[in-house]
Amino acid sequence: MRLRRLLPVLLLVAGCAGPSQLDVTEAPPPGEPVVTLTILQLNDVYEITPVAGGTAGGLARVATIRQRLLREDANVLTVMAGDFYSPSALGTARVDGERLNGKQMVAVLNVLGLDVATFGNHEFDLDEEAFLQRLDESAFAYVSANVTDDDGALFPKTEEHLLLTIEDESGATMRLGIVGTTLPSTPTDYVDYEDPLPALQAEVAAVADSADVVLALTHLALEDDVRVAAGMPEVDLVLGGHEHENVRLYRGPDLTPVLKADANARTVYVHRLRFDTLTGELRIASELVPVTDAIPEDPAVAAEVSEWVEAAYAGFEAGGFVPDARVATTTEGLDGREATIRNQPTNLGALIAQAFLAEADAADLAIFNSGSVRVDDVLPAGPITQYDVIRVLPFGGEVLTVSVPGDLLRRVLEQGLANRGSGGFLQTANVAQADDGTWQIGGAPLDDERVYRVAVSDFLVSGRETGLDYFDVEANPSLEVVARHRDVRMALIDELQRRFGS
């Protein structure tokens with residue numbers, strides 16, 4: 001892959017960044033042996049359309065930013081640090097008999113002009129057939145040091161590392177090495193994961209002698225990105241994903257930058273690199289750019305987005321949903337941000353749990369894993385549509401009533417607290433914990449000898465949640481499914497109408 005700079009650097013068109021303008025990098029004087037490269041970074045993008053009531057995000061707006069950057073520097077590299085096939089509300093729609101499963105995301109990113117991606121853990125939510133189809137549809141490259149198929153072979157369109165030549169109009173060149181790695185948190189039969197950090201270190205060593213600049217494109221927990229920056233001095237820049245809130249850190253003896261943007265393209269990072277081919281000096285200027293409704297949509301990408309939204313909505317309608325139908329008009333914002341709902345009770349979490357409790361009318365309490373809420377947004381006060389509900393709970397699934405012995409219920413609730421910070425943190429209804437740590441069910445102390453009826457999602461009793469492998473109705477004889485109820489989204493629609501009116 002070769003990027004060639006054809007034009008001198010121009011000033012960026014005003015207004016691109018909304019409330020804060022992108023920094024301007026002036027062109028080097030004629031004849032100066034400096035090669036420039038602009039990197040546009042996204043990570044953890046699940047929605048092709050804007051979020052936050054239309055005020056933030058939207059890939060058509062990101063495409064406009066990219067076009068403006070190209071007018072500043074013809075060497076623009078657009079990268080994705082993982083998590084974009086899944087999960088998304090549109091991705092659950094059935095079109096021509098099959099779930100989209102990220103097909104809409106790949107199509108839009110192709111039009112946008114994505115160059116390189118690494119895998120996120122949620123790429124492997126898909127079954128093998130759908131995953132391979134997404135790779136085949138991709139017009140961009142993938143890089144991964146530690147992810148292979150179950151035979152140990154690289155997936156199609158995937159390289160262990162990339163070496164790109166970036167050329168100035170004078171003929172001066174910079175060699176850019178790109179390595180990638182993914183945390184192994186989504187096990188599946190068709191994927192083998194190597195230990196991500198040793199695998200990344202091996203690829204850094206493989207590319208370092210040939211590259212002037214080494215970029216690590218990662219989908220790791222932040223503490224592991226810090227280990228990369230501090231422990232791999234050959235790496236010049238760590239562009240990461242997985243966390244959904246923006247991060248800027250400098251670690252290691254060279255103060256290597258570690259940067260992540262906000263999920264769903266609420267922000268993107270723009271990194272301007274200037275490499276002096278005579279001295280080997282590299283300068284990096286990074287700016288977090290808000291993607292707001294002040295940025296117009298790129299027409300080509302907007303048209304692609306519109307086509308996929310229309311197709312997905314038709315699929316939802318065939319499945320019994322009316323995406324544009326107003327469910328309720330809320331009087332408060334409903335907080336489904338990962339940073340809150342995976343760490344503490346929220347009003348949206350309480351609303352969903354109460355929906356489960358109402359759906360299973362003989363249940364004593366309700367619990368569900370906060371990771372089933374994927375909206376990562378505050379739904380603003382005002383109209384809530386069925387599509388908003390699908391965004392909140394895109395995986396769907398049934399509400400179940402399950403009989404659970406009290407001692408096992410206590411263990412589950414304790415594990416839910418231990419899972420704070422992850423999707424295994426439990427949101428509840430009719431459950432409280434006293435200051436002394438004792439659990440209250442319906443206002444009475446939890447009784448280890450009693451059998452409780454618990455309203456849950458079918459996923460939560462599958463044994464697949466963090467630390468809850470024993471909470472599996474198929475494998476644990478002390479658990480019994482007492483009743484099966486409707487889809488969790490239908491239950492939430494009813495609760496919204498009870499709480500706020502239709």
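Heavy atoms only: backbone and side chains are in, while hydrogens, waters and symmetry mates are out. Computed from a prediction, not measured in an experiment: that's the story for all the values here.
Looking at Arg283 and Glu281, their side chains come closer than 4.5 Å, going by heavy atoms from C-beta outward. Using a 4.5 Å cut-off on side-chain heavy atoms (C-beta onward), Val214 and Val207 make contact. The shortest distance between side-chain heavy atoms of His271 and Leu273 falls below 4.5 Å. Residues Leu351 and Leu492 form a side-chain contact, since some pair of their non-hydrogen atoms from C-beta on lies under 4.5 Å apart. You'll find the side chain of Thr92 reaches within 4.5 Å of the side chain of Phe316, heavy atoms only. When side chains are defined from C-beta on, Pro233 counts as touching Asp254, because their heavy atoms get closer than 4.5 Å. At a threshold of 4.5 Å between non-hydrogen side-chain atoms, the residues Arg272 and Thr36 do not count as touching. Side-chain contact between Leu215 and Asp236 is absent, with no heavy-atom pair separated by less than 4.5 Å.
How far OG of Ser86 is from CE of Met105: 10.0 Å, rounded to the nearest 0.5 Å. To the nearest 0.5 Å, atom CG of residue Leu334 and atom CG of residue Asp388 are 9.5 Å apart. The distance from atom CG of Leu42 to atom OG1 of Thr78, rounded to the nearest 0.5 Å, is 7.5 Å. One distance of note links CD of Glu167 with CD of Glu169; it measures 9.5 Å at 0.5 Å rounding. Note: Ile341 CD1 to Ile352 CD1 = 5.5 Å, rounded to the nearest 0.5 Å. To the nearest 0.5 Å, atom CG of residue Asn343 and atom CG of residue Asn419 are 11.0 Å apart.
Asn43 approaches Ala261 most closely through the heavy-atom pair OD1-N, 2.9 Å. Counting all heavy atoms, side chain and backbone alike, Pro50 lies closest to Glu297 at CG-OE2, 4.3 Å. For Ile65 against Val268, the heavy-atom pair with the smallest separation is CD1-CG2, 4.2 Å. When every heavy atom of Pro394 is checked against every heavy atom of Ser88, the shortest pair comes out as CB-O, 3.8 Å. Across Val35 and Ile166, no two heavy atoms sit closer than the pair CG1-O, 3.6 Å. Contact detail for Arg248 and Leu288: the closest heavy-atom pair is NH2-N, 4.1 Å.
In this structure, Tyr46 has its ring center closer than 6.0 angstrom to the ring center of His244.
Each of Val247, Val238, Leu237 was scored for a side-chain contact (heavy atoms from CB on, under 4.5 Å) with Leu259, with one residue passing: Leu237. Each of Leu239, Thr182, Leu220, Asp83 was evaluated against Thr118; a single residue qualifies, Thr182, per the side-chain contact (heavy atoms from CB on, under 4.5 Å) test.
Judged by distance alone, with hydrogens and angles left aside, the side-chain atoms of Glu304 form no donor-acceptor pair with the main-chain N or O of Asn110 at under 3.5 Å. The backbone N or O of Leu379 lies less than 3.5 Å from no partner atom in the side chain of Asp377, so there is not a single donor-acceptor pair. Side-chain atoms of His219 come within 3.5 Å of backbone N or O of Ala81 as a donor-acceptor pair. No donor-acceptor distance shorter than 3.5 angstrom exists from the side chain of Thr38 to the backbone of Val76, with no hydrogens or angles considered. Proximity of a side-chain donor or acceptor of Thr181 to a complementary backbone N or O of Pro196 within less than 3.5 Å is detected. At distances below 3.5 Å, at least one donor-acceptor pair connects side-chain atoms of Ser462 with backbone N or O atoms of Phe459. Within the 3.5 Å criterion, the main-chain N or O of Gly240 finds a donor-acceptor partner in the side chain of Gln41. Put simply, the side chain of Asn146 never gets that close to the backbone of Leu197: no donor and acceptor are under 3.5 Å apart. Under a 3.5 Å cut-off, the side chain of Asn347 and the backbone N or O of Gly333 do form a donor-acceptor pair. Asp149 contributes a side-chain N or O that, together with a main-chain N or O of Asp151, makes up a donor-acceptor pair within less than 3.5 Å.
Residue pairs meeting the salt bridge (charged side-chain N to carboxylate O under 4.0 Å, His left out) criterion with at least one member in residues 122-145, sequence neighbours excluded, are Lys103-Glu137, Arg134-Glu137. For the salt bridge (charged side-chain N to carboxylate O under 4.0 Å, His left out) condition, the pairs that include at least one residue of residues 193-216, sequence neighbours left out, are Arg175-Asp212. Legend: salt bridge (charged side-chain N to carboxylate O under 4.0 Å, His left out) pairs involving residues 35-62, not counting sequence neighbours, sorted by first then second residue: Glu47-Arg391.
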Let me see the working for Leu112 and Arg66 under side chain to side chain contact (heavy atoms under 4.5 Å, CB included), right down to the final yes or no.
CA-CA 8 Å; Leu112 183 149; Arg66 180 177 176 274; 4.1 Å; yes
Output, in order, the C-alpha distance, side-chain angles, deciding distance and verdict of side chain to side chain contact (heavy atoms under 4.5 Å, CB included) for Asp115 and Phe140.
CA-CA 5 Å; Asp115 294 301; Phe140 44 90; 5.6 Å; no
Verdict with reasoning, Arg342 to Arg420, per side chain to side chain contact (heavy atoms under 4.5 Å, CB included)
CA-CA 6 Å; Arg342 295 187 175 200; Arg420 190 182 303 277; over 6 Å; no
Please lay out, stage by stage, how Thr340 and Asp335 fare under the test side chain to side chain donor-acceptor pair (under 3.5 Å).
CA-CA 8 Å; Thr340 49; Asp335 193 348; 3.0 Å; yes
Test side chain to side chain donor-acceptor pair (under 3.5 Å) on Asp225 and Thr218 and set out the steps.
CA-CA 8 Å; Asp225 280 319; Thr218 67; 2.5 Å; yes
Test side chain to side chain contact (heavy atoms under 4.5 Å, CB included) on His242 and Asn121; report intermediate values, then the result.
CA-CA 8 Å; His242 192 56; Asn121 56 295; 3.5 Å; yes
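For the 3.5 Å distance criterion, the side chains of Asp293 and Thr55 fail to qualify, holding no donor opposite an acceptor.
No more than 12 heavy atoms of other residues, nucleotides or ligands lie within 6.0 Å of CD in Glu245, so this atom counts as exposed by the packing criterion.
Considering only residues two or more places apart in sequence or on other chains, Arg251 meets the side chain to side chain contact (heavy atoms under 4.5 Å, CB included) condition with Val226, Ala229, Leu249. The side-chain hydrogen bond (donor to acceptor under 3.5 Å, both in side chains) test applied to Glu243 returns Lys260, not counting sequence neighbours. For Phe321, there are no ring-ring contact (aromatic ring centres under 6.0 Å, His included) partners at least two apart in sequence or on another chain.
Under the 30°/60° scheme for interplanar angles, the aromatic rings of Tyr193 and Phe124 are found to stand perpendicular. A tilted orientation is assigned to the rings of Phe131 and Phe119, their planes being inclined by 30° to 60°. Relative ring orientation between Tyr142 and Tyr85 is described as perpendicular, the plane-to-plane angle rising above 60° on a 0-90° scale split at 30° and 60°.
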